[in-house]
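A short write-up of the structure that comes next.
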Protein chains: 2
Amino acid sequence: MGKSESRRTRLQAIMHRLSGGETLRAEDLASEFGVSQRSIYRDMDTLKANGMPIVATQGQGYRAAAVITLPPLHLSEQELEALHLGLLAVAASADETLQVAAQSVSEKLDAALPTDALMSDQALSPYPFQQSSAALRHLATVRSAIKSRQRLRVALMSGTRQDIRPLKLDFWGRAWIVSGYGEQAQGFVSLPVDALESATVLPGLFVAEDGKDLHAMHNAPITSLR
Amino acid sequence: MGKSESRRTRLQAIMHRLSGGETLRAEDLASEFGVSQRSIYRDMDTLKANGMPIVATQGQGYRAAAVITLPPLHLSEQELEALHLGLLAVAASADETLQVAAQSVSEKLDAALPTDALMSDQALSPYPFQQSSAALRHLATVRSAIKSRQRLRVALMSGTRQDIRPLKLDFWGRAWIVSGYGEQAQGFVSLPVDALESATVLPGLFVAEDGKDLHAMHNAPITSLR
DNA sequence: GCAATACTGACACTGGATTGTCAGTTATAG
DNA sequence: CTATAACTGACAATCCAGTGTCAGTATTGC
């Protein structure tokens, strides 16, 4: 019944068809697209392998939850950062359904990002892979502290503790790195947000002091804490 | 010099290579991947057609900005909604660079979404396609009005004017629909945010009145304004 | 202008992807 | 238990995306 098209097209069409919520049998789909059942089975394999939520029941047919498929997106580093930030925002507020959805997207995104994406090139040694839950917990705190110019008392999972004047938050492919002036370290430090055990905003604002501000940081060595 | 791989692999590799910021000539790439220059030209066509930011200069070679490519993502409706919401949040706040980035992602996302994606099924007749710029302009206003329980004076592009008690903001595939109690209409109304000419938050809070609240709305007919 | 390099169109060839056929096995609803 | 369909493996046939070659044209920096 269908025109001869590339396989991709058919895969899309199958999902479109199943998105209606209907239960369809391989035989139905086969005749609808003018191919053999065997091809449909192969298609289903492919679709499942690509993460489509297809449920097959022997004796019944195929069902699938409605999905929206986005084509490959090409983003700049900043665009990716905006995406991550936005998802964090939604995950932090809004209603529960959206929280769950946002977190789920974050995970998909995380999984999709090649491990080496950017990240490299610069100093900032590669941190052990950490899942986003931790980042979700502290990132907002860190950002607001930077914005409001308040000191931050942080504890890393490794046990390290430090009070810092947070100056900058960078996104390195997978990991968020906060950098600033470390009071105890008496120098500039940087640390991965997702390795934070706790982060507390200390009361009172700090003022930019010569040698402890953003400009100085760019011309000074930075210690990577862990 | 390269092993024989599928074309996809080579396209990725080319981008990876160009992401270094280097300027490369078709001849270089051709010999590096062990294919003819003609193939490289075709590859460039494909890459450009897929939205890669490649700049070709005759007599010089190719340059490209660094990009991160996401594979096709399969999202539920709610996940897509979370994504949109998050981007709106970023576009509304944060620093200017991120605003721009967020808006840019929104546009890419919008462009990528099939026109018919979901949307259907429910009442709410199909609105004329509108671009996101308008939605971006008023959505934050609408959301904050809902949250702060303030009346909203809206003017639609069609000329319709109405003061509403905004109660709910829904996302229908492409369009944001705000619904609430329309003062002039003396009943519940819904309208597409991207068809708003203007939206002004009126001073003073409104209190939930029986028959004019969210619960009542779910059990009452809703007029679709345009 | 000159050199360099990007680009375009045409055409035939090749190999991996896609397919159909056949002959089975497995899981589920009722 | 039975009917129904989902699945699997193998293999030959076929198709078409990807390719190289050749012969040009179009831009750009100097």
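On a predicted model such as this, the values are computed, not experimentally measured, just so you know. Proteins get letters first, then strands, A, B, ... in listed order; numbering begins at 1 in each. Only heavy atoms go into these numbers, but all of them, side chains included; no hydrogens, no water, no symmetry mates.
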* Gap separating the CG atom of B:Leu85 from the CG atom of B:Leu80, nearest 0.5 angstrom -> 10.0 Å
* Could you state the atom-to-atom distance from CZ of A:Arg8 to C1' of C:dT19 in whole Å? => 17 Å
Check the interface with nucleotides 9-12 of chain C: list each N/O to N/O pair with the protein under 3.5 Å, or write none.
unit_1: C:dG9; atom_1: N7; unit_2: B:Arg38; atom_2: NH2; d: 3.0
unit_1: C:dG9; atom_1: O6; unit_2: B:Arg38; atom_2: NE; d: 2.9

* Would you check, one step at a time, whether the test side-chain hydrogen bond (donor to acceptor under 3.5 Å, both in side chains) holds for B:Arg10 with B:Ser39? => CA-CA 10 Å; B:Arg10 191 178 61 237; B:Ser39 291; 4.8 Å; no
* What is the distance, rounded to the nearest whole Å, between atom CG of A:Leu47 and atom P of D:dA6? -> 14 Å
* Compare the minimum distances between each of D:dT21, D:dG29, D:dA6 and the side chain of B:Gln60, then state the nucleotide with the smallest one. => D:dG29
* To do: Using a cut-off of strictly less than 4.0 Å, decide whether A:Ser6 has a side-chain nitrogen or oxygen near OP1 or OP2 of D:dA17.
  => no
* To do: Taking all heavy atoms of A:Leu87 and all of A:Ala102, pick out the closest pair and write down the distance.
  => O-CB, 3.7 Å
* **Interatomic distance where CD belongs to A:Gln58 and C1' belongs to C:dT28 [whole Å]** => 7 Å
* For B:Arg25 and C:dA3, what is the distance between atoms CZ and C1' respectively, to the nearest whole Å? -> 13 Å
* Asked: Can you name the nearest heavy-atom pair linking B:Glu79 to B:His74, along with the distance?
  -> OE1-O, 4.0 Å
* Interatomic distance, A:Gln37 CD vs C:dC22 P [rounded to whole Å] -> 13 Å
* Atom CE of A:Met44 and atom P of C:dT18: how far apart are they, to the nearest Å? -> 16 Å
* **Phosphate OP1/OP2 of D:dG20: any B:Ser39 side-chain N/O under 4.0 Å** => yes
* **Beyond-backbone contact of A:Leu73 with B:Thr69, side-chain heavy atoms, under 4.5 angstrom** => no
* Structure fact -> Judged by nearest nucleotide, the residue sitting upstream toward the 5' end of DNA chain D, B:Val35 or A:Gly61, is A:Gly61
* To do: For D:dA17, take OP1 and OP2 only and decide whether either is under 4.0 Å from a side-chain N or O of B:Arg7.
  => no
* Residue-phosphate contact under 4.0 Å: B:Lys48 side-chain N/O, C:dC7 OP1/OP2 -> yes
* Does B:Tyr41 place a side-chain N or O at less than 4.0 Å from the phosphate oxygens OP1/OP2 of C:dA6? -> yes
* **Plane angle bin for A:Tyr41 and A:Tyr62 - parallel if under 30°, tilted between 30 and 60°, otherwise perpendicular** => tilted
* Asked: Between B:Phe33 (CZ) and D:dT19 (C1'), how many Å, whole number?
  -> 16 Å
* **Residue mapping more 5' on DNA chain C - nearest nucleotide basis, A:Gly59 or B:Tyr62** => B:Tyr62
* What integer distance in Å separates B:Ile40:CD1 from D:dT19:P? -> 9 Å
* Under 4.0 Å: is that the gap between some side-chain N or O of B:Arg10 and OP1 or OP2 of D:dA17? -> no
* For B:Ala64 against B:Met15, the heavy-atom pair lying closest together -> CB-CE, 4.2 Å
